[in-house]
Protein chains: 2
Amino acid sequence: MSDTDKTIQEAIDQLRAKHIRITPQRTLVLTYLITKRNHPTVETIYSAINHEEPSLSLATVYNTLKLFVDQGMVLELSGNDESIHYDYYGSPHYHVICTNCGKIIDVTYPDFAKDLQKIDRIAAEQTGYKITGNHVEVQGICTDCQTKLANQKN
Amino acid sequence: MSDTDKTIQEAIDQLRAKHIRITPQRTLVLTYLITKRNHPTVETIYSAINHEEPSLSLATVYNTLKLFVDQGMVLELSGNDESIHYDYYGSPHYHVICTNCGKIIDVTYPDFAKDLQKIDRIAAEQTGYKITGNHVEVQGICTDCQTKLANQKN
DNA sequence: CTCAATGCAAACAGTTTGCAGTCCT
DNA sequence: AGGACTGCAAACTGTTTGCATTGAG
């Protein structure tokens, strides 16, 4: 069994353990998220899957993603404008997004999980909130757009 | 001159330095953000200001906020669903948002700015992006909602 | 003066909703 | 068997756009 297959299986088991029904549509969306790992939008997922397996409505993609997000399994990336991107959150990482073209890259480093815990702990102490999740996002200009923008100025 | 007045004046100077026109509408929105500091939505700002000073259209609120966000002066908080909240970003802090009622609280600690710099630096190293901003958000359940939800279960 | 900013209303796009039919468990 | 899930299309809502008017520099 490949590494991604194992990840998919684990995610499904995790859902089943919560008595959430495993439908073909949910499996398709989950598989897409885990195998592609390309921060897709709802529309991207919908058209990609529908292209080969036309048994999926747009509303179901919305429902399914909302479910995964509620389970803390998938992250909503609101980026800048445009529509929302989704990311399977298998292990702690954060996102760097290009404010010019929207390209998103995952970043992590050895102590990142520890730093997140610190942020969560302080937030809980200061606010009394019961912390359920977090998200770090960094904005910037990707290398491609740096070149493009530099050329435009000439 | 009060502390907030000084902040407002500084923000205006900052805009003027970039040759951005200081219109009454922009001053109103800026003043609202700095004095209230309550993470308002577009609609909140629009109706609050229009209530006393009906010289402001909804489109202008959108324009103005987009301008401030582009200047890095204001942060867009996409929270969960609902519409977007805005926050005057005078000094480094992060946000804890209640996933049940949407209430947002600012949090910071002495080394927070340093931790952000680390996150930015690593992101730049790993991706080559030219970093222009960042945002940390923590999700949780606020104390009020913790009580409410506990009561519902009985 | 000049050109950017505003206001208005219509257009838009992504998202949500209601309900009948389907199918996991 | 039964309730959760899906699909469809209509309805919604927040946001954007175009253009004539206004006003900041």
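Because the structure is a prediction, the values reported are computed rather than measured. Residue numbers begin at 1 in each chain, while the letters A, B, ... track the order of the sequences.
In the model, B:His85 has no side-chain atom that pairs as donor or acceptor with a side-chain atom of B:His95 under 3.5 Å. Between the side chains of B:Tyr94 and A:Asn134, no donor-acceptor pair of N or O atoms lies under 3.5 Å.
The side chain of B:Arg26 contributes an N or O atom lying less than 4.0 Å from OP1 or OP2 of C:dA5. Side-chain N/O atoms of A:Lys66 include one lying less than 4.0 angstrom from OP1 or OP2 on C:dT16.
In this entry the distance linking CZ of B:Arg16 with P of D:dG25 reads 6 Å, nearest Å.
Note on B:Glu10 versus B:Lys6: no salt bridge recorded, every NZ/NE/NH1/NH2 to OD/OE distance being 4.0 Å or above.
Comparing D:dT15, C:dT6, C:dT15 by their nearest atom to the side chain of B:Thr64 picks out C:dT6. The side chain of A:Ala59 lies closest to D:dC8 when the candidates are D:dC8, C:dG7, C:dA5. The listed nucleotides are C:dA5, D:dC8, C:dG7; the one nearest the side chain of A:Ser57 is D:dC8. Among the nucleotides D:dG7, D:dA24, D:dT15, the one closest to the side chain of B:Val42 is D:dT15.
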Test B:Leu33 against B:Phe68 for side chain to side chain contact (heavy atoms under 4.5 Å, CB included), laying out the working first. CA-CA 11 Å; B:Leu33 287 169; B:Phe68 292 163; 4.2 Å; yes
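In this structure, A:Ser55 reaches the sugar-phosphate backbone alone: every heavy-atom distance under 4.0 Å involves primed, P, OP1 or OP2 atoms, never a base.
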